[in-house]
> 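Just passing along the structure, written as structure tokens.
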Amino acid sequence: MGDGAPVAIALSDGQLRAWVEQDNAIHIKALSGAGDPVELSDRDVAALVDFLQAYLRGAG
């Protein structure tokens with residue numbers, strides 16, 4: 001993504017990570033140390049949405 005959009009993000013103390021590979025695929029991995037679902041705060045959700053929207057702007 002050559003438009004300056006972020007290529008990776010880590011949220012919830014690194015338990016959720018998302019990254020762009022080859023400018024055309026988003027990978028999302030969410031793992032807690034105990035195998036529980038990863039909980040995101042409102043702020044984390046907003047950051048993830050911003051990351052995904054930046055990807056879409058760059059892809060369009």
> Is there a continuous path of hydrophobic side-chain contacts, each under 4.5 Å between heavy atoms, that joins L40 to I9?
yes
> From R57 CZ over to L52 CG, what is the distance, rounded to the nearest 0.5 angstrom?
10.5 Å
> Give the minimum heavy-atom separation between V38 and S32, together with the two atoms involved.
CG2-N, 3.9 Å
> Going by heavy atoms in the side chains, are V20 and Y55 under 4.5 Å from each other?
yes
> What's the separation between atom CG in L56 and atom CD1 in I26, rounded to the nearest 0.5 Å?
6.5 Å
> If every non-hydrogen atom of A18 is compared with every non-hydrogen atom of F51, which pair is closest and at what distance?
CB-CE2, 3.7 Å
> So which atom in G33 and which in Q15 form the shortest heavy-atom distance, rounded to 0.1 Å?
N-OE1, 4.1 Å
> Out of curiosity, L48 CG to I28 CD1, how far, rounded to the nearest 0.5 Å?
5.5 Å
> Identify the two heavy atoms, one from S12 and one from D44, that lie closest to each other, and give their separation to 0.1 Å.
N-OD2, 3.7 Å
> Flag yes if more than 12 heavy atoms outside N24 fall under 6.0 Å of its CG atom; otherwise flag no.
yes
> Enter the distance from D36:CG to L31:CG here, rounded to the nearest 0.5 Å.
11.5 Å
> Taking side-chain hydrogen bond (donor to acceptor under 3.5 Å, both in side chains) as the definition, give me every residue that meets it alongside Q22, ordered by chain and number, with sequence neighbours left out.
none
